[in-house]
Amino acid sequence: MAEIVFPDLRVVVIEDEEFTRKIIVRGLRTLGVVKVHEASDGSEGLKVVATVRPNLVLCDIHMEPVDGFQFLDHLRKLPIPAIAATPVVFLTADAEHHTVLAAKKLRVNGYLVKPVSVNQLQKRIESALAN
């Protein structure tokens, strides 16, 4: 069992596959994250982020109707700087070079290729929050 390291963190998980979303949430709970909010696509995710104002967003890339790239683009363009600057980590099965480059252009704060371990999740969260 991992050490409880993030008891005060507010996280939004945006993932269209419910099973995968639940695994991510379980990993966050293992790390002590109590305040986890979920969304099933980028459009819903934007609404949740605007309401919750999380410390971090974990987001899939390939979703319909609004994918992770569209979500991040819209987030970074929001007129409220504190929300627009929210750290985002893409959590995706897509490790293609062009996908990673596109994510960097949108100022993603981290990139994890699924499946991920709790240890990998912890390290990426720490890295994203340190920037």
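Bear in mind that the values here come from a model prediction, so they are computed numbers and not experimental data.
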Query raised in the report: Considering residues at least two apart in sequence or located in another chain, which fulfil the side chain to side chain donor-acceptor pair (under 3.5 Å) criterion with Arg107?
Result: none
Requested in this report: Tell me, please, which residues at least two apart from His74 pass side chain to side chain donor-acceptor pair (under 3.5 Å).
Outcome: none
Query raised in the report: Are Met63 and Val108 connected, step by step, through hydrophobic side chains (Ile, Leu, Val, Met, Phe, Trp, Tyr) whose heavy atoms are closer than 4.5 Å?
Result: yes
Report task. With sequence neighbours excluded, give me every salt bridge (Lys or Arg N to Asp or Glu O under 4.0 Å) pair touching residues 115-127. Result -> none
Query raised in the report: Do Asn55 and Pro87 touch side chain to side chain, with heavy atoms closer than 4.5 Å?
Result: no
Query - Non-neighbouring partners of Asp67 that pass side chain to side chain donor-acceptor pair (under 3.5 Å), sequence neighbours left out - result: none
Query - side chain to side chain donor-acceptor pair (under 3.5 Å) contacts in which one or both residues fall within residues 34-50, not counting sequence neighbours - result: Arg21-Glu38, Lys22-Glu38, Ser40-Glu44
Query raised in the report: Going by side-chain heavy atoms closer than 4.5 Å, which hydrophobic residues are tied to Phe19, directly or by a chain of links?
Result: Ile23
Query raised in the report: For the atom pair CG (Asn109) and CD1 (Ile125), what is the distance rounded to the nearest 0.5 Å?
Result: 12.5 Å
Query - ring-ring contact (aromatic ring centres under 6.0 Å, His included) partners of Phe90, counting only residues at least two apart - result: Phe69
**Report entry** ILVMFWY cluster, Leu28 and Val52 together (side-chain gap under 4.5 Å)
**Finding:** no
Query raised in the report: Mind checking whether Ile80 and Leu106 sit in one hydrophobic cluster, side chains of I, L, V, M, F, W, Y counted as touching below 4.5 Å?
Result: yes
Requested in this report: Sequence neighbours left out, what pairs pass ring pair (Phe, Tyr, Trp, His ring centres under 6.0 Å) with at least one residue falling in residues 97-131?
Outcome: none
Query raised in the report: About how many Å separate CG of Leu121 and CD1 of Ile24, when rounded to the nearest 0.5 Å?
Result: 8.0 Å
Query raised in the report: Nearest heavy-atom pair of Val113 and Ala93: which atoms, and what distance?
Result: CG1-O, 4.1 Å
Requested in this report: Look at the side-chain heavy atoms of Ile, Leu, Val, Met, Phe, Trp and Tyr, link any pair under 4.5 Å apart, and say whether Val89 and Val100 land in one connected group.
Outcome: no
Report summary line: The single option from Val49, Leu56, Leu72 that satisfies side chain to side chain contact (heavy atoms under 4.5 Å, CB included) with Val88 is Leu72
Report summary line: Contacts satisfying salt bridge (Lys or Arg N to Asp or Glu O under 4.0 Å) that involve residues 72-83 (not counting sequence neighbours) are Asp73-Lys77
Query - Within one Ile-Leu-Val-Met-Phe-Trp-Tyr cluster: Leu112 and Leu58, side-chain cutoff 4.5 Å - result: yes
Requested in this report: Please list all pairs passing the salt bridge (Lys or Arg N to Asp or Glu O under 4.0 Å) test where one or both residues lie in residues 82-104, with sequence neighbours left out.
Outcome: none
Requested in this report: Sequence neighbours left out, what passes side chain to side chain donor-acceptor pair (under 3.5 Å) with Gln70? Give chain and number order.
Outcome: none
Query - Exam field: side chain Arg29 to backbone Val33, donor-acceptor pair closer than 3.5 Å - result: yes
Could you go through residues 4-17 and list every donor-acceptor pair under 3.5 Å that involves a side-chain atom there, pairing it with any protein atom two or more places apart or in another chain?
from	atom 1	to	atom 2	distance (Å)
Arg10	NE	Arg53	O	3.2
Arg10	NH2	Arg53	O	2.6
Glu15	OE1	Lys114	NZ	2.8
Glu15	OE2	Glu17	N	3.0
Glu17	OE1	Thr20	OG1	3.4

Report task. Looking only at non-hydrogen atoms, find the nearest pair between Ala39 and Val48 and report the distance. Result -> CB-CG2, 4.3 Å
